[in-house]
Amino acid sequence: NAGVTQTPKFQVLKTGQSMTLQCAQDMNHEYMSWYRQDPGMGLRLIHYSVGAGITDQGEVPNGYNVSRSTTEDFPLRLLSAAPSQTSVYFCASRNGGEQYFGPGTRLTVT
Amino acid sequence: GDSVTQMEGPVTLSEEAFLTINCTYTATGYPSLFWYVQYPGEGLQLLLKATKADDKGSNKGFEATYRKETTSFHLEKGSVQVSDSAVYFCALERSNTGKLIFGQGTTLQVKP
């Protein structure tokens, strides 16, 4: 199993550009989520999904959209990037009480 | 709301020293508690967990005990190695929701 995979690893955007961060898992987990990691703040939950077709907001959802058309994929969309979205983004899937994190995407918005 | 507070880092130790990283939490009910580790350039990995009061989680020589009376989940290791150098995150999950609330992370550097 590849586990949780994320692409790209690095991305630089200009303010106002849009992009999609990809996340996929091959463990057939129903629950998936997105976090952002900022210095001195730990990780904060952006959006999560309890299964295909079901998504909900986390702690910091503004500026981000998600969809869940399949169990495997959970993309995160930035519609109009802002410098405040410069961060490292982690996708995770959950089975029982354990969460499995992807390697992260480092995003810089200039 | 729920929150997790960790001791500020960085923590610098010599190899074979004793490690304690403090973690306290605020939450209603009975959350599950976790320690995650992040090695340089990687994602987070679950290190250990405890799901109820007085439970002790342990893994790779690390231990933490769920103390409800002091709302704490301090991470300890008797003898650290250079390979333990990483960022350590304490986290809680309330009511089996899947939503993790993290502390700010503590950087550990172990010198030979």
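Residues A:Y31 and B:T97 approach most closely at CE1-O, 3.4 Å, considering heavy atoms. Residues B:F89 and A:Q37 come closest through the heavy atom pair CZ-NE2, 3.1 Å.
For B:E42, the CD atom counts as densely surrounded, since its 6.0 Å shell holds more than 12 non-hydrogen atoms of other residues, nucleotides or ligands. Residue A:R106 qualifies as open at atom CZ: its count of foreign heavy atoms under 6.0 Å is 12 or below. The 12-atom threshold is not exceeded at OH of B:Y30, counting heavy atoms of other residues, nucleotides or ligands nearer than 6.0 Å. For B:K68, the NZ atom is densely surrounded, since the number of other residues' heavy atoms within 6.0 Å is greater than 12. Atom CD of B:Q81 is surrounded by more than 12 heavy atoms from other residues, nucleotides or ligands within 6.0 Å.
Contact of A:L45 with chain B is made through the side chain alone, with heavy-atom distances under 4.5 Å.
For the pair A:Q99 (side chain) and B:G98 (backbone), a donor-acceptor distance under 3.5 Å is present. The backbone N or O of B:Q45 lies less than 3.5 Å from no partner atom in the side chain of A:Y100, so there is not a single donor-acceptor pair.
Residues A:F90 and B:I101 do not share a hydrophobic cluster, clusters being chains of Ile/Leu/Val/Met/Phe/Trp/Tyr side chains in contact below 4.5 Å. Linking Ile, Leu, Val, Met, Phe, Trp and Tyr residues whenever their side-chain heavy atoms come within less than 4.5 Å places A:Y89 and A:M19 in a single cluster.
Heavy-atom pairs under 4.5 Å with chain A were tallied for B:Q104, B:E8, B:Q6; the largest tally goes to B:Q104.
Once rounded to the nearest 0.5 Å, the distance linking CZ of A:R94 with CG of B:L100 reads 8.0 Å. B:Q38 contributes atom CD, which lies 9.5 Å from atom CZ of A:F101 (distance to the nearest 0.5 angstrom). From B:K99, atom NZ reaches atom CG of A:D56 across 6.0 Å, with rounding to the nearest 0.5 Å.
Looking at B:L44 and A:L43, their side chains come closer than 4.5 Å, going by heavy atoms from C-beta outward.
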